[in-house]
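Before any comments, here is the structure.
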Amino acid sequence: MSVKEATKAVPAPMRTTPEPPRPTKRNRSWDEVPRWQIYLPLSIYLLFTLIPFYWILLFSLRPAGSTSLVPWPMTFDHFEKVWTERSFGTYFQNSVLVGLVTLLMTTLVALAGGYALARFNFRIKRAFMLGLLCSQFVPGALLLVPLFEIFAELQMINSLGSVIIAETVFQLPLSMILISNFIKNVPYSLEEAAWVDGCNRMTAFRIVVLPLLRPGLIAVGSFAFVHSWNHFLFALMFLNDQEKQTIPVGLNTLMGADSVDLGALAAGGIIAAVPVVIVFAFIQKWLITGFSAGAVKG
């Protein structure tokens with residue numbers, strides 16, 4: 001047997017992969033943290049978050065004068081009282097109208113302004129962006145006097161239109177900044193390819209860019225809707241007639257100078273909170289995607 005044949009006959013040594021080092025206390029990964037260290041703080045936070053909601057639900061469902069910690073026997077008298085006697089049905093309709101129109105106007109104007117900020121360069125662009133950011137530090141209370149004077153000249157006091165315009169103006173700066181970031185995340189080459197295919201700028205935006213902005217538009221629209229739904233100050237100052245008031249002002253009327261109807265107030269709070277909770281339950285996946293996409297450019 002030759003040396004070459006003998007060499008071939010000898011089996012090659014098996015290669016063994018070294019075992020990975022066992023995790024120690026110092027290099028233990030996040031996934032291997034004991035579960036109780038994660039669940040315990042979250043459970044405490046959840047408890048403190050849900051207790052106020054349970055307390056509101058308890059006062060709204062138990063009979064007047066009851067001190068039970070369980071809403072039994074259950075009654076809906078408080079809901080019937082605030083919906084019919086306290087005109088919460090009218091307040092609810094007004095709030096829905098203000099919220100939906102504010103959502104639509106804010107989204108359309110912010111979409112046009114955000115596209116201009118994202119795709120065009122002009123001299124005062126940085127100064128304009130700085131002005132939008134600085135406007136977020138101005139509280140809404142400082143806008144009451146100039147807005148009231150403007151609406152008085154336009155004869156829009158005691159009109160839902162005044163509240164809608166004020167809410168839209170208040171929401172536009174942040175909405176415009178967010179939508180501009182959403183548009184920057186859409187590659188410019190997609191629009192250029194649409195132009196090559198014969199589309200103009202508006203058609204390319206509608207066909208190519210707009211479908212990709214759906215999570216961002218949902219995020220901006222939901223933010224505008226919730227803010228206008230919960231805002232108290234503009235409706236209080238610009239609306240005088242009771243049939244034109246919104247839900248936040250209606251809740252304020254349930255608190256008297258000498259006494260507070262806790263059952264009716266809790267029922268009104270449930271009526272005000274349920275629509276917002278239902279909306280967020282349906283749009284949460286688009287909402288999280290939209291805010292994360294608009295947070296950074298890349």
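Position 1 is the first residue of the sequence; numbering continues from there. The analysis underlying the following values was restricted to heavy atoms, covering all of them including side chains, and did not include hydrogens, waters or symmetry mates.
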**Message:** For a side-chain contact (heavy atoms from CB on, under 4.5 Å) check, start with the C-alpha distance between L143 and V169, then their side-chain angles and the critical distance, and finish with the verdict.
**Reply:** CA-CA 10 Å; L143 302 177; V169 171; 5.6 Å; no

**Request:** Check the surroundings of atom CZ in F53: do more than 12 heavy atoms from other residues, nucleotides or ligands lie under 6.0 Å from it?
**Result:** no

**Prompt:** Does NZ or CZ of R62 lie under 6.0 Å from the centre of the six-membered ring of F59, at an angle within 45° of the ring axis?
**Reply:** yes

**Request:** Could you pull out the closest heavy-atom pair between Q171 and A224, with the gap in Å?
**Result:** OE1-CA, 3.9 Å

**Asked** Checking side chain to side chain contact (heavy atoms under 4.5 Å, CB included) against V274, which of I278, V277, I271 comes through?
**Response** I278

**Prompt:** Taking the side chain as C-beta and beyond, is there a heavy-atom pair between R126 and L130 under 4.5 Å?
**Reply:** no

**Asked** Does the side-chain contact (heavy atoms from CB on, under 4.5 Å) test come out yes or no for M176 and F128, once each step is laid out?
**Response** CA-CA 11 Å; M176 197 175 298; F128 185 74; 4.1 Å; yes

**Fill in**
Residues I179 and L217: closest non-hydrogen pair is CD1-CD2, 3.9 Å

**L61 reachable from L50 in the ILVMFWY side-chain graph, under 4.5 Å edges** = no

**Request:** Quick one: closest heavy-atom pair of A204 and W195, and the distance?
**Result:** CB-NE1, 3.6 Å

**Request:** Please tell me if the side chains of L213 and I183 come closer than 4.5 Å, counting only heavy atoms from C-beta onward.
**Result:** yes

**Request:** Check whether more than 12 heavy atoms from other residues, nucleotides or ligands sit under 6.0 Å from atom CZ of F122, and answer yes or no.
**Result:** yes

**Message:** Can you confirm whether more than 12 heavy atoms, excluding those of F48, are under 6.0 Å from its CZ atom?
**Reply:** no

**Prompt:** Honestly curious: do L236 and L251 fall in one hydrophobic cluster under the side-chain, below-4.5 Å linking rule?
**Reply:** no

**Asked** So, the side chain of S228 versus the backbone of F225: is there a donor-acceptor pair under 3.5 Å, distance only?
**Response** yes

**Message:** Let's go through L239 and V249 carefully: what are the C-alpha distance in whole Å and the side-chain angles of both, what is the deciding distance for side-chain contact (heavy atoms from CB on, under 4.5 Å) to 0.1 Å, and is it a yes or a no?
**Reply:** CA-CA 10 Å; L239 302 176; V249 182; over 6 Å; no

**Complete:** Closest non-hydrogen atoms of A141 and L233, given as atom of the first, atom of the second and distance, are CA-CD2, 3.8 Å

**Asked** Taking all atoms of both residues into account, what is the closest heavy-atom pair of I177 and L133, and its distance?
**Response** CD1-CD2, 3.4 Å

**Prompt:** Between F234 and F238, what is the ring plane arrangement, given parallel below 30°, perpendicular above 60°, and tilted in between?
**Reply:** parallel

**Asked** Are V98 and L100 connected, step by step, through hydrophobic side chains (Ile, Leu, Val, Met, Phe, Trp, Tyr) whose heavy atoms are closer than 4.5 Å?
**Response** no

**Prompt:** Would L210 and L111 satisfy side-chain contact (heavy atoms from CB on, under 4.5 Å), going step by step from the backbone distance to the final call?
**Reply:** CA-CA 10 Å; L210 193 59; L111 185 61; 3.9 Å; yes

**Prompt:** Got a sec, which pairs hit side chain to side chain donor-acceptor pair (under 3.5 Å) with one end in residues 232-249, sequence neighbours left out?
**Reply:** Y91-Q242, N158-D241

**Asked** What's the spacing between I165 CD1 and M105 CE if we round to 0.5 Å?
**Response** 6.0 Å

**Asked** Roughly how far apart are L265 CG and R86 CZ, rounded to 0.5 Å?
**Response** 10.0 Å

**Item:** E192 atom CD, neighbour heavy-atom count above 12 within 6.0 Å
**Value:** yes

**Message:** If hydrophobic clusters are built from ILVMFWY residues whose side chains come within less than 4.5 Å, do I164 and V226 share one?
**Reply:** no

**Message:** In this structure, would I207 and Y188 fall into the same cluster of hydrophobic residues linked by side-chain contacts under 4.5 Å?
**Reply:** no

**Message:** Do V163 and N94 make a side-chain contact, defined as non-hydrogen atoms from C-beta onward lying under 4.5 Å apart?
**Reply:** no

**Message:** Donor-acceptor check, side chain of T106 to backbone of L103, threshold 3.5 angstrom: yes or no?
**Reply:** no

**Item:** Greater than 12 external heavy atoms within 6.0 Å of Q155's CD
**Value:** no

**Prompt:** If every non-hydrogen atom of A272 is compared with every non-hydrogen atom of I247, which pair is closest and at what distance?
**Reply:** CB-CG2, 3.5 Å

**Item:** Heavy-atom donor-acceptor pair, N185 side chain to N181 backbone, under 3.5 Å
**Value:** yes

**Asked** How far does CD1 of I51 sit from OG1 of T49, to the nearest 0.5 angstrom?
**Response** 9.5 Å

**Asked** When the ring planes of W83 and F92 are compared, do they come out parallel, tilted or perpendicular, using 30° and 60° as the limits?
**Response** tilted

**Asked** Is any side-chain heavy atom of Y115 less than 4.5 Å from a side-chain heavy atom of R201?
**Response** yes

